[in-house]
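Below is one structure, written out as structure tokens, with a few remarks after it.
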2 protein chains.
Amino acid sequence: MSAKPPPRPKLYSITELSELYDITPRTLRHYEDRGLLSPNRRGQQRLYQERDRVRLQLILRGRRLGFGLKEIEEMLDLYDADPTEITQLEDVIRRGDLKVEELRVQIQEIQSLITEIMELKAKMEQRLARIKTAHKN
Amino acid sequence: MSAKPPPRPKLYSITELSELYDITPRTLRHYEDRGLLSPNRRGQQRLYQERDRVRLQLILRGRRLGFGLKEIEEMLDLYDADPTEITQLEDVIRRGDLKVEELRVQIQEIQSLITEIMELKAKMEQRLARIKTAHKN
DNA sequence: CTTTACATTGACGTAAACGTAAAGTTGCTT
DNA sequence: AAGCAACTTTACGTTTACGTCAATGTAAAG
């Protein structure tokens with residue numbers, strides 16, 4: 001679904017990046033206001049790096065999964081913990097575990113939904129079959 | 001996670017049902033305004049049946065999964081198609097398939113997220129280990 | 001030097017999903 | 001009969017995640 005990035009450390013203008021992910025520049029600025037992105041500047045203009053693009057991917061996936069920006073920020077925070085601070089490392093591990101547990105529950109719920117839809121579908125198919133055979137008489 | 005229902009066809013007042021699922025009466029009325037629930041009335045008061053409770057469960061799960069009420073309505077519509085109308089049955093089957101595909105993609109995305117978090121966690125654990133062994137000298 | 005294209009920062013608007021307060025039933029219970 | 005608890009409708013308020021101008025800036029092209 002998502003576009004493949006070139007291996008070169010490319011730079012993006014705001015509209016380039018927005019078109020790459022089918023969002024509006026406004027959205028990118030909004031994420032910056034919320035502190036989720038902090039692109040460099042060339043003068044006054046924003047210059048997005050690979051790093052920003054990757055973070056954006058994470059944000060957009062989070063959004064597709066129904067997370068709020070606040071929650072997404074917490075997840076992104078996991079990635080920029082100070083790797084020299086023991087407590088921060090331990091914190092990342094702990095919060096990571098919690099998130100993973102949460103996500104596993106989500107998968108369970110989705111699977112339940114799938115099951116129910118497929119059961120419903122099976123019922124409808126049976127009914128259809130019965131109606132059609134009755135139609136043949 | 002969700003409370004177990006009694007097998008008897010119990011009736012619920014609006015506050016009973018709201019407390020059962022830890023939501024407010026306002027939320028139930030809102031779902032009714034949106035056409036997602038249509039409880040019977042005893043005079044002016046709402047009387048929720050098992051059927052309503054089950055629908056509510058579906059709604060709340062949908063919400064936890066990040067779906068909007070509009071989208072949830074479409075899913076609920078699958079359940080009340082006229083079982084004598086062939087076109088409606090076929091429609092349910094088709095839309096059911098689409099939803100299931102969508103949900104499978106969601107699961108994939110969640111699994112990617114889990115993988116990434118666990119990789120991050122592994123990194124942090126390695127760093128922690130290194131820091132601690134270095135500390136022993 | 002003036003278009004033109006693309007960018008910037010406000011700042012107000014909007015849709016969704018409720019929250020919240022007001023004012024009025026209704027049915028007991030004391 | 002009076003009061004209280006639980007319900008009702010009406011309606012405006014709030015939060016989130018942007019949409020949508022408006023006014024302005026800047027840089028390359030003609």
Side-chain angles (χ1 to χ4, degrees), chain A residues 2 10-49 52-53 55-77 102 106 109 113, chain B residues 2 10-49 52-53 55-77 102 106 109 113:
Chain A
S2 42
K10 195 181 180 292
L11 299 179
Y12 307 87
S13 79
I14 193 168
T15 38
E16 275 173 10
L17 190 57
S18 71
E19 283 169 3
L20 190 51
Y21 288 97
D22 197 32
I23 57 182
T24 70
R26 174 68 173 100
T27 300
L28 287 171
R29 295 196 186 101
H30 181 58
Y31 292 161
E32 188 173 346
D33 288 347
R34 295 288 308 256
L36 300 181
L37 293 175
S38 2
N40 292 334
R41 302 269 173 146
R42 179 179 50 188
Q44 190 150 235
Q45 314 208 167
R46 277 161 255 253
L47 259 190
Y48 295 88
Q49 325 255 66
D52 300 308
R53 198 187 52 73
R55 281 178 77 93
L56 178 59
Q57 275 194 4
L58 295 176
I59 296 171
L60 294 177
R61 187 177 56 191
R63 293 257 54 213
R64 284 195 300 272
L65 294 176
F67 296 110
L69 293 186
K70 179 86 182 174
E71 217 167 341
I72 292 174
E73 182 180 359
E74 290 169 13
M75 297 201 256
L76 287 174
D77 284 350
E102 215 182 292
Q106 271 217 35
E109 297 209 280
L113 229 184
Chain B
S2 43
K10 194 178 180 296
L11 299 178
Y12 306 88
S13 79
I14 194 169
T15 39
E16 274 174 10
L17 190 57
S18 71
E19 284 168 2
L20 190 51
Y21 288 97
D22 198 33
I23 58 182
T24 70
R26 174 69 173 99
T27 300
L28 287 171
R29 295 197 186 101
H30 181 58
Y31 293 161
E32 187 173 347
D33 288 348
R34 295 287 311 256
L36 301 181
L37 293 176
S38 2
N40 292 333
R41 304 269 174 146
R42 180 179 49 187
Q44 187 150 238
Q45 316 212 162
R46 278 162 254 253
L47 258 190
Y48 296 88
Q49 325 252 65
D52 301 306
R53 197 186 52 73
R55 280 178 78 93
L56 178 58
Q57 275 194 6
L58 294 176
I59 296 170
L60 295 178
R61 187 178 54 194
R63 294 258 52 213
R64 285 194 299 272
L65 294 176
F67 296 111
L69 293 187
K70 180 86 182 173
E71 216 168 342
I72 292 174
E73 182 180 359
E74 289 169 13
M75 298 201 258
L76 286 174
D77 285 350
E102 216 182 289
Q106 272 217 36
E109 298 208 279
L113 229 184

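We name chains A, B, ... by the order of the sequence lines, and we start the count at 1 in each one. On a predicted model such as this, the values are computed, not experimentally measured, just so you know.
Per the geometry, CD1 belonging to A:Ile14 stands 16 Å off C1' belonging to D:dT26, to the nearest Å. Taking atom CG of B:Asp33 as the reference point, atom P of D:dT9 lies 9 Å away to the nearest angstrom. Regarding B:Lys70, its NZ atom lies at a distance of 13 Å from the C1' atom of C:dA15, rounded to whole Å. In this structure, the CD atom of A:Gln44 is 18 Å from the P atom of D:dA23, given to the nearest Å. One atom, CD of B:Glu71, and another, P of C:dA15, lie 19 Å apart when rounded to the nearest Å. The separation between A:Leu28 atom CG and C:dC6 atom P is 16 Å, rounded to whole Å. Atom OH in B:Tyr12 sits roughly 19 Å away from atom P in D:dA6 (whole-Å rounding). Spacing between atom CD of B:Glu16 and atom C1' of D:dA6 amounts to 11 Å, rounded to whole angstrom units.
Remark: side-chain polar atoms of A:Arg53 are not paired, donor with acceptor, to backbone N or O of A:Leu17 under 3.5 angstrom.
Of the inter-residue distances, the one linking A:Ile59 atom CD1 with A:Leu37 atom CG reads 4.0 Å to the nearest 0.5 angstrom.
At the heavy-atom level, A:Tyr31 lies under 4.0 Å from the strands shown only through sugar-phosphate atoms. Here B:Arg42 lies out of heavy-atom contact (under 4.0 Å) with every strand. Using a 4.0 Å heavy-atom criterion, one finds that B:Arg34 contacts the sugar-phosphate atoms exclusively.
Checking the phosphate oxygens (OP1, OP2) of D:dT8, a side-chain nitrogen or oxygen of B:Arg29 falls inside 4.0 Å. Contact annotation: B:Ser13 does not reach the phosphate of D:dA6 (side-chain N/O to OP1 or OP2, under 4.0 Å). Look at B:Thr24 and you won't find any side-chain N or O under 4.0 angstrom from OP1 or OP2 of C:dC18.
The number of heavy atoms from other shown groups lying within 6.0 Å of CG (A:Asp22) does not exceed 12.
Evaluation of atom-type donor-acceptor distances gives a pair under 3.5 Å for the side chain of B:Arg26 against the base of C:dT20.
Among the nucleotides C:dG19, C:dA7, D:dG19, the one closest to the side chain of B:Thr27 is C:dG19. Comparing atom distances between the B:Arg41 side chain and each of C:dC18, D:dC18, D:dT9 picks out D:dT9 as nearest.
Counting heavy atoms from C-beta on, the side chains of A:Leu28 and A:Ile23 come closer than 4.5 Å.
Where A:Gln45 and A:His30 meet DNA chain D, the nucleotide closest to each residue was compared, and A:His30 sits on the side nearer the 5' end.
Under 3.5 Å, the side chains of A:Thr27 and A:Thr24 contain a donor-acceptor pair of N or O atoms.
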